[in-house]
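Basis for what follows: all heavy atoms, side chains included, without hydrogens, waters or symmetry-related copies. Naming: A, B, ... by sequence-line order, numbering from 1 per chain. All of these numbers come straight from a predicted model, not from anything done at the bench.
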Amino acid sequence: MLTLNQIRKNPEELIKKLSVRNKDFSALIYELIKIDDKRKELKGKSDKLLAESNKLAKSIGMLFKEGKKEEAENAKKRAVEIKEEVKNVNTELSETENKLKEILYEIPNIPHDSVPEGKSDEDNEEIRKGGEIPVLQKKVPHWELAAKFDLIDFELGNKITGAGFPVYKGKGAKLQRALINFFLEEAENAGFTEIMPPLVINEDSGFGTGQLPDKEGQMYQITEDKLFLIPTAEVPVTNIFRNVILKESDFPIKLTAYSSCFRREAGSYGKDVRGLNRLHQFDKVEIVQIQHPDKSYETLDEMVAYVESLVQKLELPYRIVKLCGGDLGFTSALTYDFEVYSAGQDKWLEVSSVSNFESFQANRLKLRFKKEGEKQTQPAHTLNGSALALPRILAALLENNYSEEGIKIPKVLQKFLNFDIIK
RNA sequence: GGAGAGAUGGCAGAGUGGUCGAAUGCGGCGGUCUUGAAAACCGUUGUACCGAAAGGUACCGGGGGUUCGAAUCCCUCUCUCUCCGCCA
């Protein structure tokens with residue numbers, strides 16, 4: 001979330017910047033400022049009354065000690081009056097604060113200056129392309145290949161759980177494991193520390209990274225215990241730093257985590273959900289960085305370059321797009337999406353999303369740092385990216401490397417496998 | 001699942017109704033001493049909000065209550081530990 005200071009500093013400019021998201025926030029912002037004015041006023045009033053009440057309470061103690069009972073009783077009467085007043089003011093104050101929060105949670109992150117205007121993914125800006133789109137003897141979608149070579153059983157998943165929970169078998173399962181190992185090894189070489197996080201999170205964690213209060217419908221819930229299955233390792237890993245004050249010298253913090261991810265994907269339908277294209281459970285290796293505000297965009301570039309190196313090593317044709325305002329996620333200031341070309345379907349598939357959240361998540365998380373010798377804390381910047389999401393990578397690998405001989409395994413994965421072709 | 005104990009500042013740990021934002025020890029930071037370091041000694045050491053400032057307010061696991069006054073009493077939730085049971 002944005003802070004009130006951020007918002008009040010220059011509301012006009014903020015509204016203008018937010019308008020890149022293709023939405024007008026002026027009414028919300030001005031209402032927010034009005035409510036904040038009221039909050040300040042009430043807080044002042046309440047503090048004054050409490051100060052008086054505290055003073056009085058202390059004096060009553062003294063009076064009793066000195067045996068001045070009558071005076072004490074009089075003071076008590078006054079105290080009761082003040083208390084009644086405090087109660088009224090505080091009721092109004094907490095109502096005001098709640099309203100304030102409600103609106104604050106509705107305001108998305110400020111898009112970075114470089115974010116292009118636009119309504120949907122069609123307006124995203126292509127940054128670069130790489131790799132070569134293979135010329136195939138025959139275009140076969142991965143779900144057919146998966147069946148032909150007995151790699152993934154979608155029907156079995158239906159039986160055990162439901163749609164979107166595939167069962168990987170034999171070489172299909174091994175390929176998954178190879179990808180996980182490859183991604184984790186690469187991340188380690190790039191200086192990321194491996195984390196194995198819980199796959200279930202509580203409400204506070206969901207709030208910290210921005211899934212709650214609004215997007216609980218996208219998560220599987222364990223209502224009995226008020227817990228949620230993670231939609232991405234970003235949530236547990238970033239929440240390591242909830243309520244933490246770092247030293248400047250702690251930056252950059254670089255973490256990576258492999259996890260299964262669970263998403264309800266309510267509202268998805270049609271050809272987008274065919275095969276591995278959109279699942280309720282999938283595997284992903286995530287990278288997370290906590291960085292000094294002055295360096296977070298450098299870090300974002302570095303993370304993009306890192307993810308790019310992964311798709312290059314996997315020999316997949318890819319493109320990198322910068323998300324336009326209309327497509328940009330609620331919590332993000334700048335996001336690059338990676339897409340790989342899956343030749344059997346003739347389709348670009350999103351396999352990674354690398355974002356700088358600046359201080360938006362940090363404000364929610366209360367993740368701050370202090371400069372050497374300074375008293376004032378300030379929010380750190382958080383960033384993360386998929387490196388990478390497995391199912392669509394697998395889809396592209398199967399489709400792009402298929403020929404009459406079988407499915408060839410890219411070189412970088414071979415050391416994790418005891419086969420180099422699937423026949 | 002059953003029985004019990006507990007949750008206090010970076011950590012350890014005191015405090016059971018008033019002057020407690022909280023003793024003390026350790027750690028951290030600054031200083032004295034020293035060629036340098038250690039030791040010793042002295043000082044300092046939480047976060048957030050309101051306020052131009054002075055200053056004020058809140059926070060002793062979370063929420064609610066009693067009281068003029070709560071870290072301390074009551075209710076409730078969560079978590080941790082110990083024992084028993086079950087179990088990877």
Review point. If the P atom of B:C26 is compared with that of B:C86, how far apart are they to the nearest Å?
Key: 48 Å
Check your understanding: For B:U57, does OP1 or OP2 lie under 4.0 Å from any side-chain N or O of A:N54?
Key -> yes
Review point. Between atom NZ in A:K40 and atom P in B:A48, what is the gap in whole Å?
Key: 16 Å
Practice item. Determine the interatomic distance between C1' on B:G46 and the same-named atom on B:G64; round to the nearest Å. Key: 26 Å
Point to revise | Phosphate OP1/OP2 of B:C68: any A:R78 side-chain N/O under 4.0 Å | key: no
Check your understanding: Over how many whole Å does the gap from A:I60 atom CD1 to B:G18 atom C1' extend?
Key -> 10 Å
Exercise for review: Side-chain contact test, heavy atoms from C-beta onward, threshold under 4.5 Å: evaluate it for A:F251 versus A:L246 and give yes or no.
Suggested key: yes
Review point. Does B:C20 have a Watson-Crick or wobble mate here (both distances under 3.5 Å), and if so which one?
Key: none
Practice item. Check whether any side-chain N or O of A:T377 sits under 4.0 Å from OP1 or OP2 of B:A48, and answer yes or no. Key: yes
Practice item. Provide the Watson-Crick or G-U wobble partner of B:G43, both distances under 3.5 Å; none if there is no partner. Key: B:C29
Exercise for review: In whole angstrom, give the distance that lies between atom CG of A:L56 and atom P of B:C68.
Suggested key: 12 Å
Review point. What do you reckon, is CD of A:E188 surrounded by more than 12 foreign heavy atoms closer than 6.0 Å?
Key: no
Study note, to complete from the structure: Note: for A:A79 and A:A51 on RNA chain B, the residue whose nearest nucleotide lies more 5' is A:A51
Study note, to complete from the structure: When both distances are under 3.5 Å in a Watson-Crick or G-U wobble arrangement, the nucleotide paired with B:C60 is none
Practice item. Specify the separation, in whole Å, of atom CE of A:M62 and atom P of B:C68. Key: 20 Å
Exercise for review: For B:C68 and B:U82, measure between their P atoms and round to the nearest Å.
Suggested key: 43 Å
**Study point:** Donor-acceptor side-chain pairing of A:T382 and A:Q361 below 3.5 angstrom
**Key:** yes
Review point. Strictly by modelled atom types, are A:Q345 and A:E399 linked by a side-chain donor-acceptor pair under 3.5 Å?
Key: yes
**Study point:** is_close_aromatic(A:F262, A:F282), centroid dist under 6.0 Å
**Key:** no
Study note, to complete from the structure: When A:A57 and A:R368 are each assigned the nearest nucleotide of RNA chain B, the 5'-most assignment goes to A:A57
Point to revise | Interatomic distance, A:L50 CG vs B:C49 P [rounded to whole Å] | key: 18 Å
Check your understanding: Taking atom C1' in both B:G27 and B:G9, what distance in whole Å separates the two?
Key -> 13 Å
Check your understanding: What is the distance from NZ of A:K43 to P of B:A58, rounded to the nearest Å?
Key -> 8 Å
**Study point:** A:N384-A:E234 side chain donor-acceptor pair, cut-off 3.5 Å
**Key:** yes
**Study point:** Spacing of A:L42 atom CG relative to B:A58 atom C1', expressed in whole Å
**Key:** 16 Å
Review point. Looking only at atom P, what distance separates B:G61 and B:G21, rounded to whole Å?
Key: 16 Å
**Study point:** Paired nucleotide for B:A70 [Watson-Crick or G-U wobble; both distances under 3.5 Å]
**Key:** none
Check your understanding: So which nucleotide does B:A88 pair with, by the Watson-Crick or G-U wobble rule with both distances under 3.5 Å?
Key -> none
Point to revise | Distance, rounded to the nearest Å, where A:E52 contributes CD and B:G69 contributes C1' | key: 15 Å
Review point. OP1 or OP2 of B:G46 less than 4.0 angstrom from a side-chain nitrogen or oxygen of A:K375, does that happen here?
Key: yes
**Study point:** Given B:U57, B:U47, B:C68, the nucleotide with the shortest approach to the side chain of A:K370
**Key:** B:U47
